[in-house]
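Reviewing the structure listed below.
Proteins come first, then strands; the chains are lettered A, B, ... in the order of their sequence lines, and each starts at number 1. Atom set for the values below is all heavy atoms of this structure, side chains included, hydrogens, waters and symmetry mates excluded.
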Protein chains: 2
Amino acid sequence: MRDRSSRTSSFSVDVVLVTATRNELAVLLARNSSDRERWSLPWRSPQAGESLEIAAIRAVQEALGEVPNGMEQIGAFGDGKRHPSESDVSVAYLGLVPHETASPRAGYTWFQVADLPPLSPRQRAMVESAAKTIQSRLDQAPVAFRLLPNTFTLSELQQMYELLMGKRLHKASFRRALQAAWLVEPTDEWRSEGRGRPAQLFRYLPKKKRRPHRGVRFDFLYP
Amino acid sequence: MRDRSSRTSSFSVDVVLVTATRNELAVLLARNSSDRERWSLPWRSPQAGESLEIAAIRAVQEALGEVPNGMEQIGAFGDGKRHPSESDVSVAYLGLVPHETASPRAGYTWFQVADLPPLSPRQRAMVESAAKTIQSRLDQAPVAFRLLPNTFTLSELQQMYELLMGKRLHKASFRRALQAAWLVEPTDEWRSEGRGRPAQLFRYLPKKKRRPHRGVRFDFLYP
DNA sequence: GCGAATTAGTCACCTTCTGCGACTAAAGTC
DNA sequence: GACTTTAGTCGCAGAAGGTGACTAATTCGC
């Protein structure tokens, strides 16, 4: 994928770029330059003086030509044998991009997460970890908005949440919670999509934190 | 701290070991072997074939002589210049140990998190990240129990939660939530501590998950 | 021994939150 | 114009959560 002789660093930076189509999550993979049947996550060996995050951003730039707004580190992965870079450890970053604006460069393709080609065990672990990270961050961070275009209908937003959470949501409850969080604001545009009543377009409204308090909840997920 | 000539790996594994006294969190630091005025997190350069987690566990063994039940990786840290190991990147692990059973070996000391000695920027970032991780994991994972001895009173448990959450909790609400989560079981022991009515001792009751469902909550923490 | 102080543990009330069905609104289809 | 489809809202019933007041069991001071 990249010249590996420049500086044999014993770690690499790998990027799990995620986008969402109508009802599927997709991950960007790069065609292996030597064995063109194989695919791998975009990765990069950090150059001297290049921070981890910068390396991740560069890897994304090579793949998409643009940078996602905000990449999040999801950990260092060391187990598993083979990795394209032959590095001992890979630091994985997660990036979210709206599907509309995400056209990969030559050699890169989106794969549905449900239908990935074979990957190295290490990279497969990264993809799984990325999926978990997205789910767990869902109600802590505005993840869904980073996967949607600038304006969107509330139905689209709800569908995105349903996709990310993996379950159906009740429309009225969803909108009530959304209102309480004060997270979106209406635009004065409407979109008519096929049949049915046109939907109002909304935009994400980043705001100072609200809801300062709330008690304990022992919603433990694992024993 | 450790022989660095054996194998110059460009990354190290650092451990943020956390314990909790009555009303303070504390972190284990190691006295620097060359400059005995300086302190650092316990760390280790992974040997060949040593996984990241094993390296972290070994580092803890050297420091405490025992292993915490479960270490969690909190990320790879690359920015900031100086690090004891002179490595480019450090992978940080978080371990929780009950204060009662945590007697450090010679050269290691617990420091209150509010009163840490100077650390390298990178290690300071690790400690801060560890604190954030603990808070965010609080209602996802039984963090508090890993900081308490096997049996404890509900008041102790509540105090631990108050310490970790950084705010007071109402006794009745706390216990109601605890009951609903089915997370502790009473022992038949009671402990009389100074004045006041003796408290019943409880133990942690790991269990299959409950509460399978719940709607969305936009409890966003940042804009 | 006895009341005050202290800590443990529970109850009941009221408010807020949440699941959910039923409703109205505005478009297209035939 | 009746029917279908999607958007958007209302309001109730029940669950969850915040809080003060209560009972219980012990030590302390006298």
Side-chain angles (χ1 to χ4, degrees), chain A residues 22-23 138-139 148-149 151-163 165-203 210-221, chain B residues 22-23 138-139 148-149 151-163 165-203 209-220:
Chain A
R22 194 66 173 183
N23 42 18
L138 242 194
D139 52 348
L148 287 171
T151 62
F152 44 81
T153 70
L154 295 190
S155 294
E156 286 170 346
L157 183 60
Q158 180 176 344
Q159 278 170 30
M160 183 63 72
Y161 269 91
E162 289 177 341
L163 175 59
M165 300 176 71
K167 74 177 182 193
R168 305 288 323 270
L169 300 172
H170 187 96
K171 186 170 49 163
S173 303
F174 179 79
R175 289 172 186 221
R176 193 204 292 129
L178 196 55
Q179 281 225 322
W182 216 248
L183 268 177
V184 296
E185 66 178 3
T187 69
D188 46 9
E189 289 178 272
W190 297 72
R191 178 197 297 162
S192 188
E193 189 121 40
R195 16 237 247 132
R197 168 175 172 178
Q200 189 166 16
L201 290 174
F202 288 75
R203 77 165 60 88
R210 21 209 110 241
R211 305 256 219 137
H213 61 298
R214 196 188 240 50
V216 223
R217 264 219 194 154
F218 300 94
D219 272 349
F220 286 37
L221 301 177
Chain B
R22 194 66 171 182
N23 42 18
L138 241 195
D139 53 348
L148 287 171
T151 63
F152 44 82
T153 70
L154 295 189
S155 293
E156 286 170 345
L157 183 60
Q158 179 176 345
Q159 278 170 28
M160 184 62 72
Y161 269 91
E162 289 177 339
L163 175 59
M165 299 177 70
K167 73 176 182 193
R168 303 288 324 269
L169 299 172
H170 191 271
K171 186 167 48 159
S173 302
F174 179 79
R175 291 173 187 222
R176 193 204 291 130
L178 198 53
Q179 280 224 321
W182 215 250
L183 267 178
V184 297
E185 65 179 2
T187 69
D188 47 6
E189 289 177 272
W190 297 73
R191 178 197 298 161
S192 188
E193 188 124 36
R195 18 239 245 130
R197 170 175 169 177
Q200 189 167 15
L201 290 175
F202 287 74
R203 76 165 62 88
K209 76 154 95 164
R210 21 209 110 241
R211 305 254 222 142
H213 63 294
R214 198 187 236 52
V216 225
R217 267 221 193 150
F218 302 93
D219 274 349
F220 286 37

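Using modelled atom types, one side-chain atom of A:E156 and one backbone atom of A:T153 make a donor-acceptor pair closer than 3.5 Å.
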Check the pair A:E189 / A:Q200 against side-chain contact (heavy atoms from CB on, under 4.5 Å), numbers first and verdict last. CA-CA 6 Å; A:E189 289 178 272; A:Q200 189 166 16; over 6 Å; no
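Between B:F202 and B:F152, a ring centre-to-centre spacing not shorter than 6.0 Å is recorded.
In this structure, of D:dG8, C:dA8, C:dC11, it is C:dC11 that holds the atom nearest to the side chain of B:A172. With C:dA8, D:dG8, D:dC28 as the choices, the nucleotide that has an atom nearest any side-chain atom of B:R175 turns out to be C:dA8. For B:R176, whose side chain is taken as the heavy atoms from C-beta onward, the closest listed nucleotide among C:dT10, D:dT5, D:dG18 is D:dG18.
A:Q158 has its CD atom 12 Å from the C1' atom of D:dT6, to the nearest Å. With rounding to whole Å, B:M165 atom CE is found 13 Å from D:dG17 atom C1'. Rounded to a whole Å, the CD atom of A:E156 is 10 Å from the P atom of D:dG8. Rounded to whole Å, atom P of D:dT6 lies 17 Å from atom CH2 of A:W190. Separating the CZ atom of A:F174 from the C1' atom of D:dC10 is a distance of 19 Å, rounded to the nearest angstrom. Note: NZ (B:K171) to C1' (D:dA21) measures 11 Å, nearest angstrom. Distance CZ (A:R191) to P (D:dA7): 10 Å, rounded to an integer number of Å. One can place CZ of A:F152 at 21 Å from P of D:dT6, the figure rounded to the nearest angstrom.
Looking at B:H170, its side chain comes within 3.5 Å of the base of D:dG20 through a donor and an acceptor atom. With hydrogens and angles ignored, no donor-acceptor pair under 3.5 angstrom links the side chain of A:R197 to the base of C:dA27.
Residue contacts for B:Q200: at a heavy-atom cut-off of 4.0 Å it reaches the sugar-phosphate backbone alone, with no base atom in range. Looking at heavy-atom distances under 4.0 Å, B:S173 makes contact with a base.
Summary of the strand contacts: B:G196 and A:L201 both lie near DNA chain D, and taking for each the nucleotide with the nearest heavy atom, the more 5' one is attributed to A:L201.
Summarising the local packing, CZ of A:R191 is surrounded by more than 12 heavy atoms from other residues, nucleotides or ligands at distances under 6.0 Å.
Contact check on B:E162 versus B:K167 returns no salt bridge, with no Lys/Arg side-chain nitrogen under 4.0 Å from an Asp/Glu carboxylate oxygen.
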